[in-house]
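The structure under discussion appears below in the form of structure tokens.
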Amino acid sequence: MMSPPARSPSAVPTADDPDVRTSRGAETKAKILEAALDLFRERGYDETTMRAVAERAGVSLGNAYYYFAAKDDLLAAFYGEVHEAHVAAAAPRLLRAKGLRERLRAVLDAKLEVIEPYHHFAALMFRTAADPKSPLNPFHPASAPQRRAGELLFAEALRGVKVPKDVAAELPGLLWTYGMGILLYWIHDDSPRRARTRALIEHTAGLVAQLVAIAGNPFLRPLRRRVLALLKDLQPGRVGDREES
């Protein structure tokens with residue numbers, strides 16, 4: 001099969017050019033997402049319809065559904081963009097940070113930087129995601145890919161930290177849950193520049209780092225095993241499965 005001819009540097013892109021179509025598609029998708037977030041703030045999530053989103057974005061309803069098959073997909077896309085921005089903001093901080101305490105602070109401080117512009121919108125996101133049956137709930141099976149992506153970021157913060165193998169397997173997930181607790185506190189924090197949340201990170205990052213450091217103490221091995229067994233039992237489905245068997 002012959003390769004398509006290379007475009008001349010002076011050639012003018014047309015509407016049929018793949019790059020133009022991709023660019024326009026990205027712009028349309030971003031416009032729809034922006035319109036949805038505006039309406040969520042104005043009307044609330046439940047009162048916002050896909051038709052209203054399409055009208056606000058200036059596109060057809062079919063076009064809106066082409067990019068977002070359901071309303072939940074709009075919030076899921078927003079969460080995805082926030083995570084990508086978080087990873088980008090955390091990367092240079094992690095390069096400079098030394099020790100687990102500073103690396104945890106790097107990840108959490110980067111999160112605050114990325115989400116601060118959306119603080120006025122945070123309560124709405126929490127109400128929607130707090131529903132255990134919602135696919136947007138961070139502990140819902142449908143949110144597993146996003147949860148895993150968050151755990152990988154904390155795994156990066158653990159790079160070079162020596163911990164027992166059994167703890168290492170669970171630690172990224174535990175740290176992600178710790179980060180979710182910080183996020184919940186941030187949602188309710190009305191202090192200037194979220195000063196209380198920053199203080200919470202400052203104090204707890206050190207405590208978490210200390211707990212990780214002593215996890216390898218051989219005298220604490222029995223306690224460590226009990227805690228890890230408890231955490232496994234608390235995972236969704238574990239206790240219920242055991243009772244049914």
So do the side chains of Ile115 and Lys111 get within less than 4.5 Å of each other, counting heavy atoms only? yes
In Å and rounded to the nearest 0.5 Å, what is the OG1 to CG distance from Thr197 to Leu108? 10.5 Å
Check: Val53 and Leu61 side chains under 4.5 Å, non-hydrogen atoms: no
State which residues pass side-chain contact (heavy atoms from CB on, under 4.5 Å) with Arg225; sequence neighbours excluded, sorted by chain then number. Arg221
Got Arg56 and Glu42 here, is their nearest side-chain heavy-atom distance under 4.5 Å? yes
If you measure from CG on Asp233 to CG on Leu228, what distance do you get to the nearest 0.5 Å? 11.5 Å
Check whether His203 reaches the backbone of Arg198 with its side chain - one donor and one acceptor, N or O, closer than 3.5 Å. no
Measure the CG-CD distance between Leu94 and Glu102 for me, rounded to the nearest 0.5 Å. 11.0 Å
Donor-acceptor pair, distance only, cut-off 3.5 Å: does the side chain of Lys71 make one with the backbone of Met50? no
Assess whether a salt bridge exists between Glu151 and Arg148, defined as any Lys/Arg side-chain N lying under 4.0 Å from an Asp/Glu carboxylate O. yes
Kindly say whether Pro135 contributes a backbone atom to a donor-acceptor pair with the side chain of Ser143 at under 3.5 angstrom? yes
Check whether any side-chain heavy atom of Leu200 lies under 4.5 Å from a side-chain heavy atom of Trp186, and answer yes or no. no
Show every salt bridge (charged side-chain N to carboxylate O under 4.0 Å, His left out) that has at least one partner inside residues 158-170, sequence neighbours left out. Glu156-Arg159, Asp166-Arg224
Do Asp73 side-chain atoms and Ala70 backbone N/O form a donor-acceptor pair below 3.5 Å? yes
Pairwise side-chain contact, Met180 with Pro138, heavy-atom cut-off 4.5 Å (strictly under): yes
Mind jotting down which residue pairs meet the salt bridge (charged side-chain N to carboxylate O under 4.0 Å, His left out) criterion with at least one end in residues 75-101? Sequence neighbours excluded, please. Arg93-Glu113, Arg101-Glu202
Residue from Leu104, Val163, Leu175 passing side-chain contact (heavy atoms from CB on, under 4.5 Å) with Leu158: Leu175
Distance from Arg51 atom CZ to Ser60 atom OG, nearest 0.5 Å? 10.0 Å
Side-chain heavy atoms of Trp176 within contact of Arg147, under 4.5 Å: yes
Tyr118 and ring-ring contact (aromatic ring centres under 6.0 Å, His included): which single residue from Phe40, Phe78, Tyr79 fits? Phe78
For the backbone of Tyr185 and the side chain of Asp189, can you confirm whether one donor and one acceptor N or O come within less than 3.5 Å of each other? no
Going through the checks in order, is the side-chain hydrogen bond (donor to acceptor under 3.5 Å, both in side chains) test met by Tyr67 and Thr28? CA-CA 9 Å; Tyr67 290 102; Thr28 301; 4.5 Å; no
Are any non-hydrogen side-chain atoms of Tyr178 and Leu174 less than 4.5 angstrom apart? no
